[in-house]
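Input: a single structure, listed below in structure tokens.
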Protein chains: 2
Amino acid sequence: MDAVPVWLRERRTGVGRPAERSRAEVTAAAIALADREGLAAVSMRRVAAELGTGAASLYRYVDSRDDLLDLMTDEVAAGYRLPEPGGPWLAGLLEVCRQGRELMRRHGWLPELVLTRPALGPHGADLLEHVLAVLAGHPAGAGRKLEAFGVMTTLTAALALHERGPGAGQRQGAYLGHVVAAGRHPHLTAALAGGPLAPAPDFEDTVARVLTGLLGSR
Amino acid sequence: MDAVPVWLRERRTGVGRPAERSRAEVTAAAIALADREGLAAVSMRRVAAELGTGAASLYRYVDSRDDLLDLMTDEVAAGYRLPEPGGPWLAGLLEVCRQGRELMRRHGWLPELVLTRPALGPHGADLLEHVLAVLAGHPAGAGRKLEAFGVMTTLTAALALHERGPGAGQRQGAYLGHVVAAGRHPHLTAALAGGPLAPAPDFEDTVARVLTGLLGSR
DNA sequence: CTCATTCGAGAACACTGTTCGCGAACACCG
DNA sequence: CGGTGTTCGCGAACAGTGTTCTCGAATGAG
């Protein structure tokens, strides 16, 4: 039950045969593969093939596939371009969410990972540090601020997941049409009357309202 | 590209050899297995063994494993005991969230499913209908209300996932301790000073603040 | 040069979801 | 009663999967 995260397990250097690759290279290969063919395509064998090596070799850099997924998540978080904290906190948080959404648009597999296995690596810690810096002047307690961080990332991921491709929400739409036709759901029928479904009015507006509710408006 | 949800694919009865089991039985077996050994244990072979049959037989009731997962999600939604709509809308929504959390506590695999493949079956439609009924007197538009429904369920699932077992958040805690020790993250250090980590102050309070921000306070 | 130590990776194990095909079981019809 | 059309059950097989074992090869240190 060590439960030691990947990022602490460093390799001892200097002695023995040197590694031909780095953990960063493995992570990059996995990300490239996921970008191209989706998360399901990220198998140890496929990632290894991407690097021109054997599947078993990857276990020199990573303890398990799950570790590799954590590395991928944190590596993408390196893509944030965080401005100097300052100014109203809501604007600062919205900027973080905006960039997060952009990253998730670029890496369609990210939302699923963020939602199901939230991992805080070095870059994730930097991100959290930035959010806390933005909220430095805010009177809320530490618990509230950490909570806000979690809700921010979760909400961004969930919204990104729903707008990814036309498949996600639309599949339910087909069945809901059937439900409406059955006639037993008057409110649902009324809600779906104007426009078949419009669950994503405005990303930033939604996030802003949630964060305002969570932390107050001042 | 039919994308027909599971719930529409009904079996024609009367002709041919009658089925020995029902879709509901298969779903129940899968749920029992997931409750006992987790979602990863829900393989076609294991579910079939639970029913004393062969894996291939399940495909007479379900087109794929993913379909089975959708059936499981919706079946659990049958467990809601929804009161007659009436009274303040916030209390009505909070009651839904409270029950949702309870269902997710009882079925530890549910949050992951709700987050990654939100499926609206018959019982999910009933739930949505109820939420819309609770919000019937609210001035917000249909889009806003559907959005609130999505945020409600997502947030409940995310919070349930984080408090499931001591493994989820604590694993990151170990690494964050290391980050703090490095000394480069002053705000993070300060935030984690009082109590190692307290990201879940009060479920209902959190949800209430988010919903208030989303829909206003009146 | 020796040697402890590390890396690379083929082979194997125990699984997985899914498809094929065939025999068995039933409802209906003449 | 005997077809006959149709569905169901499911063993076998296929193409994968994550992971471990194992052993040879490569290296820096002494």
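Throughout, protein chains are lettered first and strands after them, A, B, ... in sequence-line order, and every chain is numbered starting at 1. Treat the numbers as computed from the prediction; the structure is a model and nothing was measured.
Ion pair A/Asp205/B/Arg144 flagged as a salt bridge, since at least one NZ, NE, NH1 or NH2 atom sits closer than 4.0 Å to an Asp/Glu carboxylate oxygen.
Scanning for salt bridge (Lys or Arg N to Asp or Glu O under 4.0 Å) contacts around B/Glu37 gives B/Arg46, with sequence neighbours left out. Every salt bridge (Lys or Arg N to Asp or Glu O under 4.0 Å) that A/Arg36 has, sequence neighbours left out, goes to A/Glu50.
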Please enumerate all protein N or O atoms sitting under 3.5 Å from an N or O of nucleotides 10-16 of chain C, with distances to 0.1 Å.
unit_1, atom_1, unit_2, atom_2, d
C/dT16, OP1, B/Ser43, OG, 3.0

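Read 5' to 3', the first and last nucleotides of DNA chain D with an atom closer than 4.0 Å to a heavy atom of chain B are D/dT6 to D/dA13.
One finds no side-chain N or O of A/Tyr61 lying less than 4.0 angstrom from the OP1 or OP2 phosphate oxygen of C/dC7. A sub-4.0 Å separation between OP1 or OP2 of C/dT5 and a side-chain N or O of A/Arg60 is absent.
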Subject >> Annotated protein contacts, base or backbone, on nucleotides 25-30 of chain C with a non-hydrogen cut-off under 4.0 Å, one of B, S, - each >> reply: BBS---

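Open room surrounds NE2 on A/His178; 12 or fewer heavy atoms of other groups in view lie less than 6.0 Å from it.
Mapped onto DNA chain D by nearest heavy atom, A/Ser64 and B/Leu58 fall at different nucleotides, with B/Leu58 at the one closer to the 5' end.
Of the possible donor and acceptor atoms, none in the side chain of A/Asp67 sits under 3.5 Å from a partner among the backbone N and O of A/Val62. In this structure, A/Thr153 contributes its side chain and A/Phe149 its backbone to a donor-acceptor pair below 3.5 Å. Looking at B/Ser57, its side chain never comes within 3.5 Å of a backbone N or O of B/Thr53 through a donor-acceptor pair.
Seen from the ring of A/Phe203, A/Arg101 counts as a face-on cation partner, given the 6.0 Å and 45° thresholds.
As a whole-Å value, the separation of A/Arg21 CZ from C/dG8 C1' is 8 Å.
There is a side-chain donor-acceptor pair under 3.5 Å between A/Trp109 and A/Asp35.
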Sequence neighbours excluded and cut-off under 3.5 Å, please list the side-chain donor-acceptor pairs for residues 185-194 of chain B, or say none.
unit_1, atom_1, unit_2, atom_2, d
B/His185, NE2, A/Asp126, OD1, 2.7
B/His187, ND1, A/Glu129, OE2, 3.1
B/Thr189, OG1, B/His185, O, 2.7

